[in-house]
Amino acid sequence: MQFEPLTIAGAMRVRIEPHTDHRGFFARTFCTAEFARAGLPTEALQASISYNAKLGTVRGMHFQWPPSHEGKLVRCLRGKLFDVLIDLRPDSATYLQHQGLLLDQDNRAAVFIPAGVAHGFQTLTDHTEVLYQMTDVHAPDLAGGVRWNDPMFGIPWPLGQPIIAERDAGYPDFDRARFETELRHRKGIAVTTGRDA
Ligand SMILES: Cc1cn([C@H]2C[C@H](O)[C@@H](COP(=O)(O)OP(=O)(O)O[C@H]3O[C@H](C)C(=O)[C@H](O)[C@H]3O)O2)c(=O)[nH]c1=O
């Protein structure tokens, strides 16, 4: 695999190196030793598929509050999508910056999204399928969100009027002070309850 740092600190594009022959190809998509050498987490606690029937679907922007350590390895295996990261880590050099990149079925490249970075995507074809691998388990009680069209970030989505969940369309405008207060509070709880293991 080839690891290519993205603008968002700690995020990487992970390209596959297909072994091609007359039948097709075989390519490694994950390896604890290679990920460790690239400075990426090596836990792989859950994997999931996201199927999106229609072009223009937006999922996100989602993040997890502490004590979740959910990093995501996201790969488009069918169709095409515009993948977006927003850095929500106050101690990061790229805090509040966002980055968008194309993932598609042809290159099958993945993006690694560190814990604390919000993630979302917009599909650019019908029947877009996304494969996820997470470094922590799903914790709905720790889910947080930023609205796709929040003026604070001005994400250049390729298509307007998305197909989107009511929950995702309804996140309030991002308020930096309120976010940082909540984050400090939740980090404090995680430490005092020992859940920040
Ligand atoms: C994320 C997740 C969901 N679920 C269940 C919970 C619901 O019953 C159902 C749909 O969940 P949700 O509407 O949160 O799915 P998405 O809107 O695609 O959420 C994902 O979308 C953005 C783009 C992400 O990066 C995250 O992986 C994730 O937040 O799947 C699970 O059982 N495990 C999981 O890890």
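None of the values given here were measured: they were computed from a predicted structure. Atoms within each ligand, like the ligands themselves, are counted from 1 in listed order.
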What pair of heavy atoms forms the shortest contact from Y51 to R59, and how long is it?
O-NH2, 3.1 Å
Any idea how F82 and W157 line up, ring-wise: parallel (<30°), tilted (30 to 60°), or perpendicular (>60°)?
perpendicular
Among all protein non-hydrogen atoms, which one is nearest to atom 23 (C) of ligand 1, and what is the separation to 0.1 Å?
Y132 OH, 3.3 Å
Protein heavy atom under 4.0 angstrom of atom 9 (C) of ligand 1, is there one?
no
Value rounded to 0.5 Å, distance of OG in S68 from CG in L142:
6.0 Å
Considering heavy atoms of the protein only, find what lies nearest to atom 31 (C) of ligand 1 and give residue, atom and distance to 0.1 Å.
H138 CD2, 3.5 Å
d(D150 CG, F174 CZ) to nearest 0.5 Å is 8.0 Å
Heavy-atom contacts with K72 under 4.0 Å: which atoms of ligand 1 show up? List them by number with element.
24 (C), 25 (O), 26 (C)
When the ring planes of H119 and F121 are compared, do they come out parallel, tilted or perpendicular, using 30° and 60° as the limits?
tilted
Selection from R59, H62, R167 by shortest heavy-atom distance to atom 14 (O) of ligand 1:
R167
Contact between M61 and ligand 1, counting heavy atoms under 4.0 Å?
no
At a 4.0 Å threshold, what atoms of ligand 1 neighbour a non-hydrogen atom of H119?
23 (C), 24 (C), 25 (O)
Look only at the side chain of D104 and the backbone of K80, and say whether a donor-acceptor pair between them is shorter than 3.5 Å.
no
